[in-house]
Asks: 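Attaching a single structure in structure tokens format; questions to follow.
Labels below follow one simple rule: chain letters A, B, ... track the order of the sequence lines, proteins then strands, and each chain is numbered from 1. Just so you know, these numbers use all the heavy atoms, side chains as well, and skip hydrogens, waters and symmetry mates.
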Number of protein chains: 2
Amino acid sequence: MQHRSDRRATIRDVAKAAGVSPITASRAMQGSGLVRPKTIEKVVQAAKQLDYIPNLAAGTLSTNASHLVAVILPNMSNSIFADTLQSISDSLRDSGYQLLVGYSDNSPELEELLVRTFLSRRADAIVMTGHMHSDETNTLLRRAGVPIVEMWSLNDKPLDTCVGISNFDAARSMTEFMLDKGHRRVAFIGGLLKNNDRTQSRLEGYRAALEAAGLDYDPDLVREVPFEFEHGSLAMRELLAARQKPDAVFAASDILALGALLECNQQGLSVPGDIAVAGFDDERLASLIKPSLTTIGVPRQAIGEKVASVVLSALRGAPVDQRIFDMGFTLVERESA
Amino acid sequence: MQHRSDRRATIRDVAKAAGVSPITASRAMQGSGLVRPKTIEKVVQAAKQLDYIPNLAAGTLSTNASHLVAVILPNMSNSIFADTLQSISDSLRDSGYQLLVGYSDNSPELEELLVRTFLSRRADAIVMTGHMHSDETNTLLRRAGVPIVEMWSLNDKPLDTCVGISNFDAARSMTEFMLDKGHRRVAFIGGLLKNNDRTQSRLEGYRAALEAAGLDYDPDLVREVPFEFEHGSLAMRELLAARQKPDAVFAASDILALGALLECNQQGLSVPGDIAVAGFDDERLASLIKPSLTTIGVPRQAIGEKVASVVLSALRGAPVDQRIFDMGFTLVERESA
DNA sequence: ATCTAAAATGATACCGGTACCATTTTACTG
DNA sequence: CAGTAAAATGGTACCGGTATCATTTTAGAT
């Protein structure tokens, strides 16, 4: 922990060493195009000599631009979000923006706290997951004066802009797909509904498809569990223990579907022979396991890229005319259903 | 994108509204304990009234403390690191620190860039993964004047402090374990070695165990592939296609081991009957699949907590006497080996 | 060589907090 | 109730960049 007693070099030190004024040094480092090449050279040399490291806090204070884009995700364990995050990160890097990431754990209170911190740090833009925010959060965001993007779920009237897919349509499509295959008792293993518009919409889509097919909604066929592998297994075990077993199961995530598949394996049921199983997300594993998993493909990367491009144009002052970007999903038919 | 034309409230505005001086308002908001409760109340009310949001850039500039802890990870897709990150985040939250996360993609150049940015943002501490840095990065870090923690791998002479496990010992133990079981042709499926001290140490541990057992190191039994499920399968396929098949496989991550297991399944080989398989990391899935996976358990959460506690004591000025924290691993014996 | 527009450079102030030190107010003591 | 220490509060300056506008230098035209 070798703390150096000598103060770090400032732009003024660099300027002095280069024999120019601080503001010229600043412009030289910024590549503003206003400085003569020879002068830039002098400044850069001086900076290198002095191990100059600019202080972005000062820059932020002065320009009111932090070059930070804040992103709030539900959690850090879901690889789905990781892919989108990666894609946002990659797309923003070249423009000199850095990500400030926070995890809300699906708690509106935590989310509000995060928004406050991000505003305090003067994030240049804020990217949220979903559109279920506390009233206070909504107020904060509306007043924020920075671009806001809500991603993953579509939303009729976003705070500002939204980029995502219709979870409702996707879930309805998959349910219809199974019904079309002749299944009549289609169960639904969904994630926790609270504060999660994605899981809610998926359940609604499932119900809508049943209704359209003239089937009754049977609560016994629906399980609401955390998005964890083992809960997929447990839910499946419960469904299979019932007097009237399902002939198909639609899980609202591949993780849950995998758990369900495993349980079928354990019980010696053939998939899709005895029971069909479908997932949601199209995770890497989905195509690799046996039987490969029928699922909903979500353009995670495209979502990230679109989010980044929306943020960038907004930050460049280009008016984003479109406020809702439907990135579309695909129903990926494989072996399991 | 409703930008408000009116300037955001500053601490001076709040102070004026509360009828106190800016510095008193500042102290009231900070909870410094120097302000009378009645005054605090006035200030807090005024702040709420004005929708005051403090500007942390200004605070950082003034106090030279950003309340940011920077963390550099190899990638964002590996859940192993996510768990540690989560644990660091949780442990630091209460002390008011926020994480600034960057991903190096195992590239020393990217890592250096990240370090520069983090120093520019005046991160209060920097947490790195591993200890393979460019010379320039080492210089930067040594001069940084902030606590540095290198995590995950142990290191004889860390830049500052390091918290992790001995990948060498872990790999050697697992290899010995398999040899003790009577296997004689133990293959090794490892991750890419370049710029990754964890994979390198694991390979060395594997070799050391062979050597100790008087066995020759056979390059044909070693595969160096990316840490991806499908590469585990591919590597296993290659190993099984050879004239002399292995009787055991040690994969340097559970992801690879899963891929390998799958390939065995495909080929109708029984595990561990025909061939034993072991992994590394003890991921969630490891205990759930069939056969459950014998693997190396890494205290991911404990690593995160220790990292956080080291960072916190350093930031509080408490001298951390110990510089190397060996968090230990466990060999988790399950069905697959 | 002279003039003018464009290109470079610079002086000063400001961004919004807080450190530092001085001053005032409060609370306690005898 | 004075006297004193402790508790609150405030004035001023500063952190390290850059915006703004003024000034100087350079390059091109005549």
Asks: Take atom CG of B/Asn64 and atom P of D/dC15, then tell me their distance rounded to the nearest Å.
Replies: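 It is 11 Å, rounded to the nearest whole Å.
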Asks: Does B/Lys157 come within less than 4.0 Å of B/Glu150, counting only side-chain N to carboxylate O?
Replies: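 So B/Lys157 does not pair with B/Glu150 through a salt bridge.
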Asks: Under a 3.5 Å distance rule, please check whether B/Asn106 uses its side chain to pair with a backbone N or O of B/Pro74 as donor and acceptor.
Replies: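 Between the backbone of B/Pro74 and the side chain of B/Asn106 there is no qualifying donor-acceptor contact (under 3.5 Å).
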Asks: Roughly how many Å is it from CD in B/Glu41 to P in D/dA8, rounded to a whole number?
Replies: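 After rounding, the gap between these two atoms is 16 Å.
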Asks: For B/Thr39, answer base if it contacts any base atom (sugar-phosphate contacts may also be present), sugar-phosphate if it contacts only those atoms, and nothing otherwise; contact means non-hydrogen atoms under 4.0 Å.
Replies: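 Here B/Thr39 touches the backbone only, sparing every base.
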Asks: Can you tell me which nucleotide in C/dT9, D/dT9, C/dG17 comes closest to the side chain of B/Arg36?
Replies: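 Looking only at heavy atoms from C-beta outward on B/Arg36, the closest nucleotide is D/dT9.
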Asks: To the nearest Å, give me how far apart NZ (B/Lys38) and P (D/dA7) are.
Replies: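 Spelled out: NZ on B/Lys38 to P on D/dA7 is 18 Å.
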Asks: Expressed in angstrom and rounded to an integer, what is the separation of A/Ile11 atom CD1 from C/dG10 atom P?
Replies: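 Nearest whole value for this atom pair: 13 Å.
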Asks: Nearest heavy atom decides the nucleotide; on that basis, is A/Pro54 or B/Pro37 closer to the 5' end of DNA chain D?
Replies: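 Per heavy-atom nearest nucleotide, the more 5' residue is B/Pro37.
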Asks: Between the main-chain N or O of A/Ser32 and the side-chain N or O of A/Gln30, is there a donor-acceptor pair closer than 3.5 Å?
Replies: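 Judged by distance alone, no pair lies under 3.5 Å.
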Asks: I need the CG-P distance between A/Asn55 and C/dG17, as an integer number of Å.
Replies: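 It is 16 Å, rounded to the nearest whole Å.
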Asks: Do A/Thr10 side-chain and D/dG16 base share a donor-acceptor contact under 3.5 Å?
Replies: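 No pair found.
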Asks: B/Leu56 CG to C/dC15 C1': how many Å, rounded?
Replies: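 Result: 15 Å.
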Asks: Each nucleotide N or O in nucleotides 10-12 of chain D that has a protein N or O under 3.5 Å away: list the pair and distance.
Replies:
unit_1: D/dG10; atom_1: OP2; unit_2: B/Ser21; atom_2: N; d: 2.8
unit_1: D/dG10; atom_1: OP2; unit_2: B/Ser21; atom_2: OG; d: 3.3
unit_1: D/dG10; atom_1: OP2; unit_2: B/Thr24; atom_2: OG1; d: 2.9
unit_1: D/dG10; atom_1: N7; unit_2: B/Arg27; atom_2: NH2; d: 2.8
unit_1: D/dG10; atom_1: O6; unit_2: B/Arg27; atom_2: NH2; d: 3.1

Asks: Is B/Arg36 salt-bridged to B/Glu41, going by a charged N under 4.0 Å from an acidic O?
Replies: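 No, B/Arg36 and B/Glu41 are not salt-bridged.
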Asks: Do the ring planes of A/Trp152 and A/Phe81 sit parallel (below 30°), tilted (30 to 60°) or perpendicular (above 60°)?
Replies: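 Answer is perpendicular, since the angle exceeds 60°.
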Asks: Distance-only, no hydrogens or angles: does the A/Ser87 side chain make a donor-acceptor pair with backbone N or O of A/Glu305 under 3.5 Å?
Replies: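 Such a contact is found between A/Ser87 side chain and A/Glu305 backbone.
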Asks: Figure out the CZ/P separation between A/Arg122 and C/dC15, and round it to whole Å.
Replies: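 Result: 13 Å.
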Asks: Closest approach to the side chain of A/Ala58, judged atom by atom: which nucleotide of C/dT26, C/dG17, D/dG16 is it?
Replies: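 Looking only at side-chain atoms, A/Ala58 lies closest to D/dG16.
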Asks: CE of A/Met29 versus P of D/dG17: gap in Å, rounded?
Replies: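 Answer to the nearest Å: 9 Å.
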Asks: Between A/Arg93 and A/Gln98, do the side chains contain an N or O donor and an N or O acceptor separated by less than 3.5 Å?
Replies: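 No pair is found: no donor N or O on one side chain lies under 3.5 Å from an acceptor on the other.
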